[in-house]
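Below: the structure, in structure tokens.
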Amino acid sequence: MSQTRSTFARGEFSSLVSSFRQTGFVVHEPLPGVVQICRPDNDAGERLRLLISVGVHGDETAPIEMMALLLEELARNPQALALDLMVAVGNIDAIAQSKRFIDVDLNRLFTPPAPTGRTQFQGSREALRADQLMDVTARFFEGRPHKWHLDLHTAIRASFYPAFAIVPGSPNDLFLRWLGSAGIQAAVLNPDATVTFSAYTCRYLGAISCTAELGRIGELGKNDLTQFSQTQHALDALLRAGVAPDLLQSTLKPRLFRVAQELIKRSEAFHLTFDGHTQNFTEFAPHTLIARDGDFSYRVGDQPEYVLFPNPSVRVGLRAGLMAVSIPG
Ligand SMILES: [Zn+2]
């Protein structure tokens, strides 16, 4: 594994910082694992502000390696950076221990603290990290009209669409086309999304955002990055050219889905009626019983539904899966 990749995974950017600084960029490291690289001019209103987050789940290492490589290459020719960039390595403590999280899933904590939002898990290490990330992100995006957030993950299970995205808020055509160009074959619209990092930046900061699942999980330094090559190429082009106008002509848009229901684990009695290893986007016929939780049951509605992230072993109160319906693109 390259040195950049291992130091990057610890949230250290020192090797990159000097090269961008020497080229005249304003570089901030407001938190461990967060770097912001911006042009110094004050009339930056129209330029895209891009946040790329990786390692929000500490065991999803391929996007960490991919970003380390991209930034390492960019740092050799720093003036090529075409936008204002923030890179956040999410759960550094969990990454160091090769774990998904230490106390609780970080990607369920991106809500403002109580009384307005989060009421659970306040004492956890991840709650503190979520608060810090929300704070620096809010300041990075403040007052900017054009802001994108790509939260890059890899999935635990196989998927009928190996690369897909969950898109909070209302869909943006250019953004969907960019996702298509990055090899994302399916986009699941989730207008009511809450608690995830991308839902926070969309809902509270007005960013166009997504949680992108780029392929299968792998061990740090042992990932087969070729499965991510199309995404890597599109990210490189975005960093160097911004949002290219010819994207509007792109026909690579992902197939569209919309979240129909969330499977919330209300009690320890929760169980799925199908194997927990079922692939993402497995189709279920209308009215099929999909889960029971004591007296409560979850059924498919009037049109076929496709399961995402089934995981009955989450904590009570959290989401044990999503069901989506196909919608016209
Ligand atoms: Zn993840």
Side-chain angles (χ1 to χ4, degrees), residues 8-9 11 33 51-68 87-111 121 124-127 129-130 133-134 137 149-159 161-168 179 182-188 190 193-202 209-220 222-225 227-228 231-232 235 259 262-263 276-281 307-315 318-322 324:
F8 191 90
L51 163 60
I52 300 178
S53 47
V54 295
V56 166
H57 291 135
D59 55 348
E60 299 175 9
T61 55
I64 302 173
E65 292 185 54
M66 185 170 68
M67 280 312 297
V87 175
V89 182
N91 200 333
I92 305 169
D93 293 345
I95 295 166
Q97 297 182 31
S98 305
K99 286 179 170 175
R100 189 168 180 79
F101 52 80
I102 305 287
D103 294 328
V104 64
D105 185 340
L106 175 61
N107 213 24
R108 297 288 175 272
L109 299 174
F110 287 93
T111 46
F121 315 122
S124 66
R125 265 200 253 192
E126 276 83 4
R129 184 70 177 161
L133 289 170
M134 288 191 287
T137 305
H149 173 204
L150 303 167
D151 185 29
L152 306 183
H153 291 245
T154 51
I156 302 167
R157 69 196 64 250
S159 173
Y161 300 98
F164 63 95
I166 308 293
V167 179
L179 291 177
I184 306 282
Q185 299 120 317
V188 183
N190 191 6
T194 55
V195 310
T196 62
F197 198 4
S198 67
Y200 168 74
T201 54
C202 171
S209 69
C210 75
T211 306
E213 305 283 347
L214 300 178
R216 293 297 295 281
I217 219 158
E219 207 179 312
L220 192 65
K222 294 181 185 164
N223 284 292
D224 171 17
L225 291 183
Q227 65 173 321
F228 308 103
T231 309
Q232 193 168 340
L235 280 171
V259 170
E262 295 198 323
L263 310 178
H277 298 289
T278 300
Q279 285 195 36
N280 281 325
F281 293 97
V307 72
L308 287 163
F309 314 119
N311 182 5
S313 58
V314 294
R315 291 197 196 202
L318 294 185
R319 189 182 80 191
L322 279 180

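Whatever order the structure lists them in is the order used to number ligands and atoms, beginning at 1.
Side-chain N or O atoms of Arg129 include one that pairs as donor or acceptor with a backbone N or O of Gly90 at under 3.5 Å.
Residue Glu60: an N/O/S atom is found under 2.8 Å from the Zn ion (ligand 1).
Taking the six-membered ring for Trp and thresholds of 30 and 60 degrees, His149 and Phe197 have ring planes more than 60 degrees apart, a perpendicular arrangement.
Of the inter-residue distances, the one linking Tyr200 atom OH with Ser209 atom OG reads 12.0 Å to the nearest 0.5 angstrom.
Closest to the Zn ion (ligand 1) among the N, O or S atoms of His153 is ND1. In terms of distance to the Zn ion (ligand 1), the nearest N, O or S atom of His57 is named ND1.
Residues Asn91 and Phe101 are in side-chain contact: their nearest non-hydrogen atoms beyond the backbone lie under 4.5 Å apart.
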